[in-house]
Amino acid sequence: MTGFDEDDAFEAAARPLSARAMAARPAPYLDTLNSAQRQAVETLEGPVLMLAGAGTGKTKALTTRIAHLLNTGRARPNEILAVTFTNKAAREMKTRVGALMGHAVEGMPWLGTFHAICVKLLRRHAELAGLKPNFTILDTDDQVRLLKQLVVASGLDEKRWPARQLAGLIDRWKNRAWGPGAVPVAEASAFDGRGVALYAAYQERLKALNAADFGDLLLHVVTILQTHPDVLEQYRRWFRYILVDEYQDTNVAQYLWLRLLAGGHHNICCVGDDDQSIYGWRGAEVGNILRFEKDFPGAQVIRLEQNYRSSPHILSVASGVIAANTGRLGKTLWTDAEEGEKVRLIGHWDGEEEARWIGEEAEALQRGTRSLRPFSLDAMAILVRASHQMRAFEDRFLTIGLPYRVIGGPRFYERLEIRDAMAYFRLAVSPADDLAFERIVNTPKRGLGDKAQQKIQTAARDLGTPLVEAARRVLQGGGLTGKGAAQLRVLLEALDRWHAEVLNPTQSHVELAEIILDDSGYTAMWQADKSPDAQGRLENLKELVKALEEFENLQGFLEHVALIMDNESDAEEPKISIMTLHAAKGLEFAVVFLPGWEDGLFPSQRAMDENGLKGLEEERRLAYVGITRAEEICTISFTANRRVYGQWQSALPSRFIDELPEDHVEVLTPPGLYGGGYGASAPGVEQRAARADVYNSPGWRRMQARAGQPAPRAMVIEAQPVGFTAGDRVFHQKFGYGTVMGLEGDKLDVEFDKAGAKKVVARFVTAADRAGDVPF
DNA sequence: TAAGTAGCCCTAGGT
DNA sequence: GGGCTACTTA
C-alpha cells in the first residue's frame, strides 16, 4: 500500500482556499500576543525562523500559529506537519492547540515526534526499504545485543571492541544519513577497520529480522524520499505547512528530511534557540539553525526577546555568560519584571557540605525565613551536570527527611522486569522474535544455560528457522534431556497457547497478559525473591498490566512502548526536584540551585577533551540553560574538594564563574568554614581552608583576575590533547611509574615498571618528574 | 548450572 | 564508590 488513508486524502483539494479563508472565524487569541509573537503567528507563507529565547513564549506562539492556520482555513488539520523531539512536547502541543480552538483537535495525524511520524511513513512504504509493513522497532538494548553477535562472529575480541561502541558509531552515521555505502573513507576504517563491514552486516540482519532501529526510522524515510520522486511529490503537496520545534536540536538526517518535504510549498516554520543547543553529542547540528537563511532563501527571521520568566538580575547573568560564545545568531532578552534578588554565589569545602547547605536553604525558603515569601518544594530544583552528583543530595535529603524527586532516573520501560515482561508479550505476538526469545528462555531459571542455548542457536542456524522452531526440533531430536528439556517443553507449549490466543482471542488482552506473566513463572520468580527491590518490581509489573488497558491489543501496546517512554508519576506531596541540566531544558522553577560549578566537572573535562572549543561552548550553553530555568532565586555553588570515583580531588571554581557579571551577583559566605570537623589535624588542612576562604571572600574573583591565569586549570587544547610522546616517563596513581610506548587518541600505551603494559587515558598520568607536585 | 569474585569502566539521554 | 561483565569455583 503506497497510497494515503482515505480521510487523509486531500487530492480533491482543488478547493478554493480563499473562500475558506474568508469564512474564517474571528481570532481573539491574537490579542493575547505581544507584537513579535503576533508577527510569528501571522507570517504564514514562506520559510520562517522563529528565534525564541528562553522563556519568551515559544510554545504559545507555535500553538497559536497552528490554531491560526486552521482558523483561517489555510490548511486542514491533516495538512499540517508539526514535529517535535519528545512525546511530552507533542502532547503539550496537542493539548494547547485544542484549548485554543475550544475543542479537541481531531485529525492532526501529523503532529508528533520525528520518530513517530517516520514510523507512520515507513509503514506505508516499508517495501521500498526492504521491510514488511509490520516491521518491529528495536530499542538500544536489542541493538547492542545484535551487534554483539556480529562482532563475535567477525572474530573480534568483544572486550577490546565493545558492541556498545559500535552501536554509537552506527548511530552517528545514521544521524548523518549515511547508509553503509555512504560512509566516508576517513571514517570507514573505524572499529579495527571493520566498521562499515559490520554496519552493512547489521543492516542485513535487521532486514532479515524485519526490524528497524531508531536511526533507521529516519534514514529509511530519507532514502525513500530521495530515491522515489513520485512518493516525495505526494507528500510535498500534501503537507502545506510544516512546523518544527527545537530546530537547534535537529541532526543531519532530520534536516534533510525537512528540506525534502518543505521543497514544495516552502511553508516551513522552524522554532529554536541557538543558545540552547545542548545535544551536539547526540548528533545535533547547531549549524542547521545558523544556516537557516541560506538553506531557505527568502526566509524571515522573527526574534522573540521579551522574557516572561526570570528576574532582570537572572537574565543579566545568563546573558553575561552566553556572551562569551562565538558565532551566535544573537538575541537580547529583556523583561518588565521587578528587579528581584541577585544571583547568589557560594563556595563550599566539599560536596557533602554543599548538599547540606542546599538542604538547609531549601527548608528555609520553604518556611519563608530566607525570603519575602515562602516557596513550595515543587517550585525548587537542583540542576546538576552529571548524574553522579545526585547521590550526595539524595543521601542528605534522606537523612533530614526532605522530600525530593529525581527526574530522569531509569525509565519505566527500561527496567529489567518491564523488559522481560515485554519480551514475553513480543513472543506471544510474534513467535519468530529471536531477540525476545533469547531474553527469556532462562528467565525465570529453567535449567537452560549457555550450553543448552548454544544447541538451540546452532540448530536455528543449520535449519534456518527462528529460535522457537529450532528449540522444538532440538527437543524432538532428543538433543536435550532432563530438567531443562522438560521445562523447555512447558515453555514452548505455553508460547503456542499464547500465540493462538493472540490470533483468536477468547478473552481480553489484559487478561492474556496476566496469564502470560503467571503461567511463565515470571511473577512467581519475583515473589520468591527476597531482595529489597523485588516488591517494587512486582508493583511495576502491575502497573504495566494496567497500562495495557488503554490499548486495543498487545500489538498496539508494543508499538506504543517502542516509541514512548515517559510515565509521569502523579504529584503527591510537594517535593524538590533533582535532575541533570539536560533534563531541565524547557522547564522552569521559582528557585534553582546550580551546584558543582568546578572546572572539569562543569565544564566537563570530557566535553572539552573530545570537542575542544566547540565542546566548551556547548557547556556554556548548558550553563545558560541552567540559569534561565530560574524565575526568582538562582544560586550557583562550587566546592574546593570533591570525591570522584572514590578518590578525593581538589577542584577549582568553574571558568564560567569568572564570566558572571559582577553587578548582578551576590557572593555568600558559607557558615562553618573554620569550624573544623574535617579532621583539623590532617596535614594541609589550613592551606586548603585558606584557599576555600579566598573563593568566598567578596573580592576573590578580582584577585583571581589580577593574578592572571591562575593555577593548573584544565586547558582546552584543540590539536594535541595528549601532551606526551613515546619515550616519556610518566606516573600513574594506580600503576606507578612507566614509559610511554605509543599514542592512540587520548589514550597512551604505557609500559609500567611494575604493572606491565597498559592502555591508560592520558589525563590520568602525569610526567614522572612532575609527579611529586601533584596532590593525590 | 548457579553462586561468588575479580576486573573494568565511568558525560549528558529521547526515540 | 558502584554497577556490570566475565571468569572462577563449589
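As a basis for the values below, the full set of heavy atoms in this structure was taken, side chains included, without hydrogen atoms, waters or symmetry mates. These numbers were taken from a predicted model, which means no experiment stands behind them.
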Q) Of all the nucleotides listed (dT1(B), dG14(B), dA2(B)), which has the minimum atom distance to the side chain of H115(A)? A) dG14(B)
Q. Counting any heavy atom closer than 4.0 Å, what does S387(A) reach on the DNA or RNA strands: base, sugar-phosphate only, or nothing?
A. sugar-phosphate
Q) What string of B, S and - do you get for nucleotides 1-10 of chain C, 5' to 3', if B is base contact, S is sugar-phosphate-only contact and - is no contact with any protein heavy atom under 4.0 Å? A) BS---S----
Q: Scan G447(A) against the nucleic acid and name what it touches under 4.0 Å (heavy atoms): base, sugar-phosphate only, or nothing.
A: sugar-phosphate
Q | pi-stack flag for F85(A) and dG14(B), centroid dist under 5.5 Å, interplanar under 30° | A | no
**Q.** 5' precedence on DNA chain B between G215(A) and L448(A) (nearest-nucleotide basis)
**A.** L448(A)
Q) Aromatic rings F656(A) and F602(A): how do their planes relate, parallel, tilted or perpendicular, breaks at 30° and 60°? A) perpendicular
Q) Contact class for A386(A) vs. all strands (heavy atom < 4.0 Å): base, sugar-phosphate, or nothing? A) sugar-phosphate
Q) R282(A) has a side chain; which of dA12(B), dT15(B), dG14(B) sits nearest to it? A) dG14(B)
Q.
Please confirm whether the shortest side-chain N or O distance from N87(A) to OP1 or OP2 of dG14(B) is below 4.0 Å.
A. no
Q) Which residue, A583(A) or K445(A), contacts DNA chain B at a nucleotide closer to its 5' end, judged by nearest heavy atom? A) K445(A)
Q: Just call it for Q453(A): base, sugar-phosphate, or nothing, with non-hydrogen atoms closer than 4.0 Å on any strand.
A: nothing
Q. Should the pair R396(A) and F393(A) be classed as cation-pi, given the thresholds of under 6.0 Å to the six-membered ring centre and 45° from the axis?
A. no
Q. S604(A) near the nucleic acid: base, sugar-phosphate alone, or nothing, with a heavy-atom cut-off under 4.0 Å?
A. base
